[in-house]
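Step one of this worksheet: look at the structure below.
Owing to the predicted nature of the structure, the values given are computational and were not obtained by experimental measurement.
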Amino acid sequence: QVQLVESGGGLVQPGGSLRLSCAASGFNIRGRAVAWFRQTPGQEREGLSCIQMHGDSVNYAVSVEGRFTISRDVTKNTVYLQMNNLKPEDTAVYFCAARTTWCASGARDYIDWGQGTQVTVSS
């Protein structure tokens with residue numbers, strides 16, 4: 001059974017950092033593209049970053065490039081999102097998602113999702 005579990009969210013002050021984790025089970029992350037999305041109430045899920053199945057290529061949304069870094073640890077079957085210089089507008093529920101082919105930009109292109117973790121950036 002495919003399962004993705006996010007963790008690491010919380011409350012942080014502007015300018016602070018958080019590292020989110022996406023622990024995968026039921027499949028090997030080496031064989032899937034894994035992406036991070038976020039969503040605020042009433043808005044569609046926004047794609048933030050994705051790491052290709054071979055781990056040799058990553059991409060970022062303009063809104064987070066230079067501040068967020070995606071990485072993975074294949075020994076732990078986990079994908080991470082390091083978030084630095086957080087801003088109040090980064091407040092959202094953050095999700096990870098996986099697909100069996102290449103990274104895609106749209107949320108509807110992903111079938112497997114985690115339950116999400118809340119990130120709140122506030123002083």
Co-membership, hydrophobic cluster, residues Phe37 and Val34, 4.5 Å side-chain: no
In one Ile/Leu/Val/Met/Phe/Trp/Tyr side-chain cluster, 4.5 Å: Val74, Val79: yes
Worked verdict on Ser17 versus Val12 for side chain to side chain contact (heavy atoms under 4.5 Å, CB included): CA-CA 7 Å; Ser17 298; Val12 63; over 6 Å; no
To the closest 0.5 Å, what do you measure between [atom1] ([X]) and [atom2] ([Y])?
| X | Y | atom1 | atom2 | result |
| --- | --- | --- | --- | --- |
| Arg67 | Leu48 | CZ | CG | 9.5 Å |
| Phe68 | Trp36 | CZ | CH2 | 11.0 Å |
| Arg108 | Arg45 | CZ | CZ | 12.5 Å |
| Leu4 | Tyr110 | CG | OH | 11.5 Å |
| Tyr94 | Glu46 | OH | CD | 8.0 Å |
| Cys96 | Ile70 | SG | CD1 | 9.5 Å |

Side chain to side chain contact (heavy atoms under 4.5 Å, CB included) evaluation trace for Gln118 with Thr91: CA-CA 8 Å; Gln118 175 70 46; Thr91 296; 4.0 Å; yes
Could you pull out the closest heavy-atom pair between [X] and [Y], with the gap in Å?
| X | Y | value |
| --- | --- | --- |
| Ser122 | Pro14 | C-CD, 3.6 Å |
| Gly8 | Thr117 | N-OG1, 4.3 Å |
| Ala92 | Thr40 | CB-CG2, 3.7 Å |
| Gln82 | Asn84 | NE2-OD1, 2.9 Å |

Tyr60: partners by ring pair (Phe, Tyr, Trp, His ring centres under 6.0 Å), with sequence neighbours left out: none
Just distance, no hydrogens or angles: give the donor-acceptor pairs under 3.5 Å from side chains in residues 23-32, sequence neighbours left out.
from: Asn28; atom 1: OD1; to: Arg30; atom 2: N; distance (Å): 2.9
from: Arg32; atom 1: NH1; to: Asp112; atom 2: OD2; distance (Å): 2.8

Heavy-atom donor-acceptor pair, [X] side chain to [Y] backbone, under 3.5 Å:
| X | Y | value |
| --- | --- | --- |
| Glu6 | Gly116 | yes |
| Tyr80 | Thr69 | no |
| Arg72 | Met53 | yes |
| Gln52 | Cys103 | yes |

Within 6.0 Å of CD in Glu44, more than 12 heavy atoms from elsewhere: no
Arg99 vs Ile111, side chain to side chain contact (heavy atoms under 4.5 Å, CB included): CA-CA, chis, key distance, verdict: CA-CA 7 Å; Arg99 68 194 303 260; Ile111 296 177; over 6 Å; no
Side chain to side chain contact (heavy atoms under 4.5 Å, CB included) assessment of Val119 paired with Arg38: CA-CA 9 Å; Val119 171; Arg38 67 186 177 190; over 6 Å; no
Contact check, side chains of Ser71 and Ile51, non-hydrogen atoms, under 4.5 Å: no
Listed partners of Ser123 passing side-chain hydrogen bond (donor to acceptor under 3.5 Å, both in side chains), at least two apart: none
